[in-house]
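Lettering follows sequence order; numbering is per chain, from 1.
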Amino acid sequence: GAVVSQHPSWVICKSGTSVKIECRSLDFQATTMFWYRQFPKQSLMLMATSNEGSKATYEQGVEKDKFLINHASLTLSTLTVTSAHPEDSSFYICSAPNGESTEAFFGQGTRLTVV
Amino acid sequence: GENVEQHPSTLSVQEGDSAVIKCTYSDSASNYFPWYKQELGKGPQLIIDIRSNVGEKKDQRIAVTLNKTAKHFSLHITETQPEDSAVYFCAASYGGYQKVTFGTGTKLQVIP
């Protein structure tokens, strides 16, 4: 099946700094990608929809100025957590639908720890 | 918006027994219902899915059933094996680009 790769797999940063997470579709193009956040022992919650060539669409309650999304190409979307705080520590996961099917493929996730 | 409820939250079965996880959804417009397996520290992996025009689908030891009228769908795993131990999520979505709403998850433990 199609492959979606996230980088880094884990990151530790100091409070107040910014962290960038990349999501790449390796063998297909994705005009849309989705970013989820998962707290320990909880479900995945959709944060935003990343649209290639246009602004991202954020879910209610998600601060667009804090979670910057850039979908600069058909194979890459980035999520930047700005001015990170300990409460932003979470597992961030992206997904991308392969236009040739209706299945969405998920990345392996990025564990963010803010200290 | 869509709301997906999932039960049970934890499930322990003996190796070889069957496991059943049930979900309900709220939006009658949802027409695609995937099931994901998530192992610790990894992203979700699709294991089976079903569309609203089908009542049942089976893939080896895994089967899914859908009752559109009742807005229920279930995952059945037969002949469970220790490697089936993981967290399972049901999900529902509408439309072609798979913006899915996840259930709350079920932690399945298969005891050898």
Side-chain angles (χ1 to χ4, degrees), chain A residues 1-10 21 23-25 28-52 56-61 71 90-113, chain B residues 1-11 21 23-27 29-54 57 59 64 86-109:
Chain A
V3 177
V4 174
S5 178
Q6 273 183 250
H7 178 81
S9 298
W10 59 270
I21 303 170
C23 179
R24 294 182 184 273
S25 56
F28 66 98
Q29 294 182 335
T31 56
T32 302
M33 292 185 178
F34 301 99
W35 286 96
Y36 295 84
R37 180 168 53 185
Q38 185 179 31
F39 291 109
K41 298 184 178 180
Q42 294 189 22
S43 188
L44 286 78
M45 299 301 295
L46 181 66
M47 299 176 64
T49 302
S50 174
N51 304 298
E52 189 269 335
T57 305
Y58 291 82
E59 297 298 303
Q60 190 173 9
H71 197 146
S90 186
F91 196 50
Y92 292 86
I93 306 170
C94 69
S95 76
N98 182 345
E100 296 180 353
S101 76
T102 52
E103 177 181 348
F105 297 90
F106 284 81
Q108 73 273 32
T110 297
R111 172 73 60 192
L112 170 63
T113 303
Chain B
E2 176 65 276
N3 182 48
V4 180
E5 296 188 356
Q6 184 171 346
H7 300 280
S9 56
T10 60
L11 179 61
I21 303 171
C23 289
T24 61
Y25 62 100
S26 62
D27 189 349
S30 290
N31 58 5
Y32 176 68
F33 306 93
W35 285 87
Y36 295 93
K37 176 183 180 182
Q38 186 179 30
E39 298 178 335
L40 189 63
K42 297 183 179 180
Q45 182 179 13
L46 179 72
I47 56 172
I48 196 168
D49 56 14
I50 191 168
R51 302 189 182 282
S52 58
N53 59 347
V54 176
K57 183 177 179 181
D59 182 5
V64 58
V87 178
Y88 291 82
F89 290 97
C90 62
S93 77
Y94 172 78
Y97 44 76
Q98 303 319 308
K99 177 182 173 180
V100 297
T101 299
F102 284 84
T104 48
T106 296
K107 184 176 182 180
L108 172 64
Q109 181 183 21

If I measure from the heavy atoms of chain A, does B:Q45 come under 4.5 Å with its side chain, its backbone, both, or neither?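 Looking at B:Q45, nothing touches chain A.
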
Heavy-atom distance under 4.5 Å to chain B: side chain of [X], backbone, both or neither?
X: A:Q38; result: side chain
X: A:L44; result: both
X: A:Q60; result: neither

So does B:G103 get a backbone contact from the side chain of A:S43, meaning a donor-acceptor N/O pair under 3.5 Å?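 Such a contact is found between A:S43 side chain and B:G103 backbone.
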
With rounding to the nearest 0.5 angstrom, report the OG1 to NZ distance, B:T104 to A:K41.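 Spacing of OG1 (B:T104) from NZ (A:K41) equals 14.5 Å.
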
Of A:F105, A:F106, A:Y36, which is the lone residue that meets side chain to side chain contact (heavy atoms under 4.5 Å, CB included) with B:P44?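 Testing each of A:F105, A:F106, A:Y36 against B:P44, the sole residue satisfying side chain to side chain contact (heavy atoms under 4.5 Å, CB included) is A:F106.
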
As a quick check of understanding, evaluate side-chain contact (heavy atoms from CB on, under 4.5 Å) for A:I93 and B:Q38, giving each step before the final call. CA-CA 12 Å; A:I93 306 170; B:Q38 186 179 30; 3.9 Å; yes

